[in-house]
Amino acid sequence: MTTPIVEATALSKRYPTPAGEVEAVRKIDLALDQGSFAVVKGRSGSGKTTLLNLLGGLDRPSSGSVRIGGVDLADLTEPELAATRRAEFGFIFQAFGLLPSLSAAENVELPMRLEGRDPAERIERARTLLELVGLGHRAVHRPGELSGGEQQRVAIARALANRPRVLLADEPTGQLDSRTGGEIVEVLAALVETHGVAALIATHDAVPIAHADRVFTLADGRLSSVDQADS
Ligand code: ADP
Ligand code: MG
């Protein structure tokens, strides 16, 4: 048996608020294998963003644990956690999160620059990744000169820059029409196949379901598995 790339055990997150504690994520157990494509469906406020942030080390759990390749994130110092985040994860967000003053290629290069990669290698890999997502011809365009779907493709290319083992996408199709959203999911599904990454997509719409190996539902911070036949 191989170790899952991501393994959450009894993962919980509680936020203190003036009105009392909010339990955003409740005792979630979840394992993601290499080459698997998982979807978490849930309404707004169900805990999707909190869950993804915990899995990706952007936030620390109140209790329970997250292991990446067998390493417990709680055992890492902040600098180690930041390094693990950059090396192991690619993040994709609803609002794309591209830097507006940089070209598509420069946006894709940015994570590699932060890792201190050689400029020639960066430029070559950015070109390859943009071609991979079908945007080789848009490399010098800035985000403002691209459609929403194109911007999200650039964000996907950027997420792959440092060869992560895990892609975490938080409502990646939320700002796109359903056809463009479907195309984005196709791109992600193809990457899971060809790159052997594990992908977890959080969504409140139905778009990604057809491609998923596993579908979960999140309701009020609790995760349950959905039989594919039911979805
Ligand atoms: P989703 O992404 O599914 O919309 P979130 O993970 O953003 O859900 O939020 C889950 C719950 O946790 C919601 O009730 C939300 O109001 C609450 N929540 C999220 N972040 C915070 C925070 N920083 N402080 C207090 N409550 C929060
Ligand atoms: Mg959210």
Side-chain angles (χ1 to χ4, degrees), residues 6-32 36-68 73-74 78 81-82 85 88-98 148-149 151-156 158-159 164 166-178 180-182 184-185 187-189 198-226 230-231:
V6 180
E7 198 170 16
T9 308
L11 189 63
S12 297
K13 181 70 182 183
R14 294 174 287 275
Y15 293 112
T17 74
E21 257 189 3
V22 175
E23 206 168 357
V25 160
R26 304 176 194 233
K27 295 211 165 163
I28 286 181
D29 296 312
L30 174 70
L32 298 177
S36 68
F37 189 6
V39 171
V40 174
K41 289 198 292 182
R43 291 167 185 250
S44 179
S46 59
K48 302 182 297 296
T49 297
T50 304
L51 174 62
L52 263 57
N53 288 349
L54 293 172
L55 294 177
L58 292 166
D59 201 357
R60 300 256 191 194
S62 305
S63 58
S65 70
V66 177
R67 288 173 176 274
I68 304 302
L73 295 184
E78 281 304 325
L81 186 61
R85 247 183 345 245
E88 304 279 20
F89 291 97
F91 294 95
I92 298 159
F93 305 99
Q94 180 174 351
F96 321 131
L98 301 174
Q151 288 182 61
Q152 195 60 301
R153 284 169 191 260
V154 175
I156 292 170
R158 179 187 57 185
V166 186
L167 282 181
L168 296 175
D170 193 356
E171 308 215 32
T173 64
Q175 289 193 9
L176 306 173
D177 62 76
S178 61
T180 308
I184 289 298
V185 174
V187 170
L188 287 168
L200 182 65
I201 296 189
T203 180
H204 69 264
D205 51 47
V207 176
I209 308 307
H211 297 272
D213 298 315
R214 296 167 73 192
V215 180
F216 300 95
T217 309
L218 195 55
D220 207 13
R222 289 193 179 84
L223 193 73
S224 51
S225 215
V226 179
D230 298 343
S231 61

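Indexing begins at 1, ligand by ligand and atom by atom, following the structure's order. In this chain, numbering begins with 1 at the start of the sequence shown.
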**Request:** Please say whether T17 places an N or O atom under 3.5 Å from an N or O atom belonging to ligand 1.
**Result:** no

**Message:** Can you check which of G45, G221, A24 brings a heavy atom nearest to atom 13 (C) of ligand 1?
**Reply:** G45

**Asked** Rounded to the nearest 0.5 Å, how far apart are CG of L167 and CD1 of I156?
**Response** 8.0 Å

**Request:** Mind checking whether R43 contacts ligand 1 via backbone (N, CA, C, O), side chain (CB onward), both or neither, at a 4.0 Å heavy-atom cut-off?
**Result:** backbone

**Prompt:** Does the protein place any heavy atom closer than 4.0 Å to atom 22 (C) of ligand 1?
**Reply:** yes

**Asked** Does any N or O atom in G47 lie less than 3.5 angstrom from one in ligand 1, N or O only?
**Response** yes

**Prompt:** What is the closest protein heavy atom to atom 19 (C) of ligand 1, and at what distance does it sit?
**Reply:** Y15 CE1, 3.4 Å

**Message:** Below a 4.0 angstrom heavy-atom separation, can you tell me which part of T49, side chain or backbone, both or neither, approaches ligand 1?
**Reply:** both

**Prompt:** Which atoms form the tightest heavy-atom contact between V215 and A212, and what is the distance?
**Reply:** CG2-CB, 3.9 Å

**Asked** Out of V166, N53, L52, L58, which one pairs with F91 under the side-chain contact (heavy atoms from CB on, under 4.5 Å) rule?
**Response** L58

**Fill in**
Per-atom filter on ligand 1: closer than 4.0 angstrom to a heavy atom of T50 are 5 (P), 6 (O), 9 (O)

**Request:** Report yes or no: does T49 have an N/O/S atom closer than 2.8 Å to the Mg ion (ligand 2)?
**Result:** yes

**Request:** Find all atoms of ligand 1 within a distance of less than 4.0 Å from any non-hydrogen atom belonging to V22, and give their numbers and elements.
**Result:** 12 (O), 14 (O), 17 (C)

**Q152 side chain to F93 backbone, donor-acceptor under 3.5 Å** = yes

**Heavy atoms of other groups near R43 CZ, more than 12 under 6.0 Å** = no

**Message:** Is there a salt bridge (charged side-chain N to carboxylate O under 4.0 Å, His left out) between E23 and R222? Walk through the geometry before answering.
**Reply:** CA-CA 10 Å; E23 206 168 357; R222 289 193 179 84; over 6 Å; no

**Request:** Find the distance between CG (L176) and CD (Q151) and round it off to the nearest 0.5 Å.
**Result:** 9.5 Å

**Request:** Would you confirm whether any non-hydrogen atom of the protein falls under 4.0 Å from atom 16 (O) of ligand 1?
**Result:** no

**Message:** What I want to check is whether the side chains of S36 and D213 have a donor and an acceptor closer together than 3.5 Å.
**Reply:** no

**Message:** Using a plain distance cutoff, I'd like to know if E171 has any nitrogen or oxygen under 3.5 Å from a nitrogen or oxygen of ligand 1.
**Reply:** no

